[in-house]
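Worksheet: the structure to be examined is printed underneath.
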Amino acid sequence: MLAFWLFLFIALHPCVATPWPYRYLRKACINSDCSAVRVAISNPPINLWNANTVVELNTLLKSLNDQNSTKVVVISSDIPEFYITNLDANIFTPKFEGLDVTDILTMYFDNLALLSSIPTIFIAEINGRAWGAGNEHLLHMDMRFAGPEAQFSAPEVELGVIHVGGLQLLTKLIGPGRAAEYLLSGKQVDSKEAARVGWVNSAFSTAAALREHVDSLAKRIALFPIEAIRATKEGIAEQAPSRQSIQNDMNRYNKLAALSTVEGNIAKFLALSKNQSREWELNIGNNLVQLYT
Ligand SMILES: *[C@@H]1O[C@H](CO)[C@@H](O)[C@H](O)[C@H]1NC(C)=O
Ligand SMILES: *[C@@H]1O[C@H](CO)[C@@H](O)[C@H](O)[C@H]1NC(C)=O
């Protein structure tokens, strides 16, 4: 009899009942009813952002859109030293085979918009490199907390393009002067500096302290009525950059991406970095300067 009840408990427990169909996303419940969950990005060796992760995140975000049981989602990484790095540059090369690049990019921008618009609260727990695409994702979440290994960079200018999905949000968050400094230089920013300028809410000196803070915040938010959580997110979203300014960035990006110099830069980047090797990606913002020296 005990075995039966145990079976029933396990089968009906919210963390076990739903099958988890993802390969690059790892889930864990933060509280007992699983209304606060952690999703760790797991695409070794560096959490490169490619078609697989774009597609899986899209499925996850859409599944969160029409439900009331998950209130808070913490997005972290289980890859040491990396949060989420850049969009895999291979998809921009003529040799790329696989999904249509336009489809991947459409889904990529759809994911960013979903993070800002769907009624779930997203907390970025960053304790590794967040480069390019990684930074664009965390900027679209509701709040950000960093650990000692966190570093941030928007290195797109170094390749001849712009930080299209994050430029407006970063400018709102840290102000135009600081945004200019970081966006124009591709500089790498550590967790203390990020906390000082407001890129993240706060920085913690150990991974354990970061985890403890994020977990307790997620649990606490998940106690409260979902309608109030949603209305607060909606209200804050009224401060978001306008659709027009985001569209303008998209137009600027498309013009730049069509230049032959950009194709050359991507080829050089792939060669110099030995196809985005781990060693090189640890310091992408600083290493990309080599394209010009
Ligand atoms: C979620 O709750 C709202 C009311 O707050 C309700 O209108 C909606 O149908 C619910 N959705 C689901 C999938 O249960
Ligand atoms: C470069 O790395 C990607 C994965 O990161 C892989 O799919 C691709 O085949 C590699 N290309 C070459 C030329 O090694």
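Note that ligands are numbered from 1 as they come in the structure, with each ligand's atoms numbered from 1 the same way. Treat the numbers as computed from the prediction; the structure is a model and nothing was measured. Atom set for the values below is all heavy atoms of this structure, side chains included, hydrogens, waters and symmetry mates excluded.
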_Element-labelled atoms of ligand 2 that are located less than 4.0 Å from some non-hydrogen atom of L48_ = 5 (O)
*Indicate yes or no: does an N/O atom of R230 lie under 3.5 Å from an N/O atom of ligand 1?*
no
*Please step through side chain to side chain donor-acceptor pair (under 3.5 Å) for the pair E279 and S277, ending with a clear verdict.*
CA-CA 5 Å; E279 202 50 40; S277 65; over 6 Å; no
*asked:* Determine whether the aromatic ring centres of residues H163 and Y253 are separated by less than 6.0 angstrom.
replied: no
_Short N-O contact, E181 and K187, less than 4.0 angstrom_ = yes
*So which protein heavy atom does atom 11 (N) of ligand 1 come closest to, and at what separation?*
N68 ND2, 3.0 Å
*For N58 and K62, does a side-chain donor sit closer than 3.5 Å to a side-chain acceptor?*
yes
*Numbering the atoms of ligand 2 from 1, which are under 4.0 Å from a heavy atom of N90?*
1 (C), 2 (O), 3 (C)
*Of all the atoms in ligand 1, which lie at a distance below 4.0 Å from a heavy atom belonging to D66?*
13 (C)
*Counting from 1, what ligand 2 atoms have a heavy atom of N275 closer than 4.0 Å?*
1 (C), 2 (O), 3 (C), 8 (C), 10 (C), 11 (N), 12 (C), 14 (O)
*If you have a sec, work out which protein heavy atom is nearest atom 4 (C) of ligand 2 and how many Å separate them, to one decimal?*
D88 OD2, 4.3 Å
*Run the numbers for me: atoms of ligand 1, each under 4.0 Å from some heavy atom of E227, listed by number.*
5 (O)
*Return a yes/no value: protein heavy atom under 4.0 Å from atom 2 (O) of ligand 2?*
yes
*Would you please classify the geometry between the F152 ring and the W199 ring as parallel, tilted or perpendicular, with 30° and 60° separating the classes?*
tilted
*asked:* Consider side chain to side chain contact (heavy atoms under 4.5 Å, CB included). Of L99, L105, T106, I104, which one does T102 pass it with?
replied: T106
*atom 9 (O) of ligand 2: any protein heavy atom closer than 4.0 Å*: no
*With distance as the sole criterion, is a donor-acceptor pair present between the side chains of T53 and N43 under 3.5 Å?*
no
